[in-house]
Structure formats: C-alpha cells, structure tokens
Amino acid sequence: MTNPAPLLDVSGLTVSYGAVEAVRGIDLKVTKGEIVTLLGANGAGKSSTLNALVGLAPRRARQLSFAGEDIAHLTPELIVRRGMTLVPEGRRIFPTLTVAEHLLLGGAKHAARGPLAETQAEMLALFPILKERLHQKAGSLSGGEQQMLAVARALMSSPDLLLLDEPSLGLAPQVVDRIFALISDLRARGLTILLVEQNVALALDIADRGYVLVNGRIEIAGSARDLMASAAIRDAYLGA
Ligand SMILES: Nc1ncnc2c1ncn2[C@@H]1O[C@H](COP(=O)(O)OP(=O)(O)OP(=O)(O)O)[C@@H](O)[C@H]1O
Ligand SMILES: [Mg+2]
C-alpha cells in the first residue's frame with residue numbers, strides 16, 4: 001500500500017463546555033512517523049483538542065479513530081492503552097512524589113503495554129538526569145527537568161502517538177532547545193507526535209505538517225514548509 005491509513009483520523013470534532021464551543025467541527029489527520037503541529041493564539045482551542053482526543057474533554061465527532069479503531073466512546077484509560085498518550089499543558093507534576101513514583105504512575109495508571117522495569121530502564125537511559133534524580137521529590141526539579149519527567153511519565157505507557165501540549169512553556173531558551181532535540185530523537189525512534197506549541201518558528205522547523213486553529217476552527221492546513229512561507233502565518237506568529 002502506498003498510501004497508509006492515518007494513525008489518527010478525526011473529522012467534525014467539536015468540544016463544548018456548556019454553552020462555550022471551544023472547538024467547532026475540525027478535521028485532523030496524523031500519519032505514522034509524522035510530527036504534526038497544531039498552532040493558534042491563546043484560547044484558540046488547542047488544549048481542548050488534545051484533551052478531547054484522549055477523552056479528557058467533552059467531545060463529539062463524525063469520526064474519531066485511532067489505529068483504525070473507533071475511540072469515540074473509550075475512557076481516557078482505555079485510549080492510553082490503545083497507544084495515545086498526552087503530556088498535558090503545565091506538566092501536572094506532583095511536587096511531593098519522587099521521580100521514580102511518577103514513572104511508576106505513568107506505567108501503572110496507563111497499564112504499560114510492555115514489562116514495566118524494562119520500560120523504566122529505557123526511560124532512564126533516555127533521560128540520564130532523571131536517573132540521577134530518581135529518588136528526589138519532583139518539586140525539587142528545575143522546570144526543564146519537570147518537563148522531561150512529564151514526557152518520561154507519558155512514555156511509560158509505550159505510546160504510538162504522543163500528544164505534547166506546550167512542552168516549552170516557561171523554559172529558558174537552552175532548555176527549550178533540549179526539549180526540541182528530544183522531540184526529534186523520539187520521532188527518530190519511531191514515535192508519532194502531535195505537538196501544540198507557542199513557539200511557532202521552532203514548531204514549524206521540526207514538524208512535517210501543521211494546522212492553524214482560530215476560534216475553534218482550522219483556518220490553515222499544510223506542510224510546515226508552506227506554513228512557514230505563508231504571509232498570514234508570518235504576520236500573525238513569526239513577527240517577520
Ligand atoms: N474546562 C473548561 N470550561 C469552560 N471553558 C473552557 C474550559 N477549558 C477551556 N475553556 C475555554 O475554551 C476555549 C479554548 O481553550 P483552550 O484551553 O482549549 O485554548 P488553547 O488554545 O489551549 O489556549 P492557550 O494557548 O491559552 O493554552 C477558551 O475560550 C477557554 O476559556
Ligand atoms: Mg492550551
């Protein structure tokens with residue numbers, strides 16, 4: 001087959017909070033091996049979209065399929081087990097739990113699909129800093145280390161598709177570079193990634209394709225190269 005079915009295939013996705021319609025019938029596809037970025041201003045509906053995909057926000061859709069399966073009625077836990085995991089906005093680290101406890105949570109809650117000890121050893125090889133800090137409380141980690149921990153916790157579920165919500169938020173430029181290097185590395189290891197980022201230039205630099213959300217609707221979709229060259233994007237996001 002030359003044209004494989006998308007790993008994630010969404011059409012008509014709507015997210016409503018009571019009377020507030022945050023996402024208004026969007027179509028979104030992610031193919032295995034891609035990095036796809038979802039861009040947009042504050043309040044555009046980016047987090048609502050990611051949260052809805054993993055069942056953490058109220059959603060309706062014409063089609064919501066992952067790896068060929070309809071996931072519209074699955075719970076967040078079952079969606080994680082199918083292989084789609086979210087690294088939430090703001091990291092959601094528990095300050096009083098240790099690094100090791102976070103990794104266990106990522107594996108246990110998400111019912112790791114491989115042997116837990118093996119997956120943890122892989123994570124510690126990928127994130128040497130977490131190995132050094134294994135028994136420290138997560139609250140004592142720097143912002144960048146906490147973001148690494150949030151990613152490592154998500155990877156403990158051995159996902160096929162990783163959803164990243166603003167991984168660079170609040171981090172110093174060198175730390176942001178490290179996070180983006182990590183994202184490239186994860187893709188090279190076979191992970192497929194849907195990335196929400198405020199840093200549009202960095203996101204388009206790393207992504208294959210992108211979507212721009214405006215008030216809950218997709219206004220522009222295309223290859224990262226085309227988006228980077230688009231006058232509308234340059235004016236609105238790239239300051240060039
Ligand atoms: N739990 C909620 N209840 C009610 N309204 C919400 C809720 N979460 C988000 N919203 C509203 O939905 C809209 C989209 O919010 P969302 O957080 O998805 O945007 P975003 O693109 O992720 O923004 P940001 O860049 O600030 O993270 C906003 O108007 C927001 O106020
Ligand atoms: Mg958000």
Side-chain angles (χ1 to χ4, degrees), residues 8 10-30 35-62 64 66 71-72 75-77 79-80 84-93 143-144 146-151 153-154 159 161-173 175-176 179-180 182-183 193-207 209-222 224 227-228 230 232-239:
L8 179 70
V10 176
S11 63
L13 175 67
T14 294
V15 182
S16 311
Y17 307 103
V20 178
E21 208 169 66
V23 177
R24 305 160 187 243
I26 66 169
D27 298 349
L28 197 70
K29 284 187 204 313
V30 180
I35 297 181
V36 174
T37 185
L38 183 61
L39 307 170
N42 289 340
K46 306 180 299 295
S47 296
S48 297
T49 299
L50 295 193
N51 292 337
L53 291 175
V54 296
L56 291 171
R59 64 194 196 269
R60 286 196 315 276
R62 272 198 311 280
L64 187 47
F66 178 72
I71 58 162
T75 60
E77 205 178 323
I79 290 173
V80 167
M84 176 158 61
T85 305
L86 171 69
V87 180
E89 185 176 77
R91 327 196 213 293
R92 307 280 175 88
I93 291 301
Q146 290 189 7
Q147 185 63 59
M148 303 276 183
L149 178 57
V151 173
R153 176 180 57 189
L161 176 60
L162 188 68
L163 313 182
L164 287 164
D165 196 347
E166 312 238 15
S168 77
L169 198 68
L171 302 180
V175 184
V176 172
I179 298 284
F180 273 80
L182 168 71
I183 295 171
I193 293 166
L194 179 57
L195 170 68
V196 164
E197 244 309 314
Q198 294 272 350
N199 192 325
V200 172
L202 275 179
L204 288 177
D205 196 41
I206 202 176
R209 289 190 301 112
Y211 295 91
V212 181
L213 261 182
V214 179
N215 289 328
R217 290 201 170 86
I218 288 175
E219 294 265 299
I220 314 176
L227 292 184
M228 223 172 319
S230 129
I233 303 250
R234 295 189 87 84
D235 292 347
Y237 302 104
L238 296 173

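Start at 1 and go down the list; that is how both ligands and their atoms are numbered.
- Residue L50 is tested with L195, L164, D165 for a side chain to side chain contact (heavy atoms under 4.5 Å, CB included); the sole match is D165.
- Looking at every heavy atom in both residues, A61 comes nearest to S11 through CB-O, 3.7 Å.
- Residues A57 and V15 approach most closely at CB-CG1, 4.0 Å, considering heavy atoms.
- A donor-acceptor contact closer than 3.5 angstrom links the side chains of S168 and E197.
- For the Mg ion (ligand 2), protein N, O or S atoms under 2.8 Å: 2 in total.
- In terms of heavy atoms, D27 sits closest to R62 at OD1-NH2, 3.7 Å.
- Among all heavy-atom pairs drawn from L171 and G143, the shortest one is CD2-C, 3.4 Å.
- Counting heavy atoms from C-beta on, the side chains of L202 and I206 never come closer than 4.5 Å.
- Considering all non-hydrogen atoms of both residues, L204 and M228 come closest at O-CE, 3.5 Å.
- For the pair T14 (side chain) and G25 (backbone), a donor-acceptor distance under 3.5 Å is present.
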Could you tell me, for ligand 1, which of its N or O atoms are under 3.5 Å from any protein N or O, listing the pairs and their distances rounded to 0.1 Å?
unit_1   : atom_1 : unit_2 : atom_2 : d
ligand 1 : 18 (O) : S48    : N      : 2.8
ligand 1 : 18 (O) : S48    : OG     : 2.5
ligand 1 : 19 (O) : G45    : N      : 3.3
ligand 1 : 21 (O) : A44    : N      : 3.2
ligand 1 : 21 (O) : G45    : N      : 3.0
ligand 1 : 21 (O) : K46    : N      : 2.8
ligand 1 : 21 (O) : K46    : NZ     : 2.8
ligand 1 : 22 (O) : S47    : N      : 2.8
ligand 1 : 22 (O) : S47    : OG     : 2.8
ligand 1 : 23 (O) : G43    : N      : 2.8
ligand 1 : 25 (O) : N42    : OD1    : 3.1
ligand 1 : 25 (O) : K46    : NZ     : 2.8
ligand 1 : 25 (O) : Q198   : NE2    : 3.3
ligand 1 : 27 (O) : E89    : OE2    : 2.6

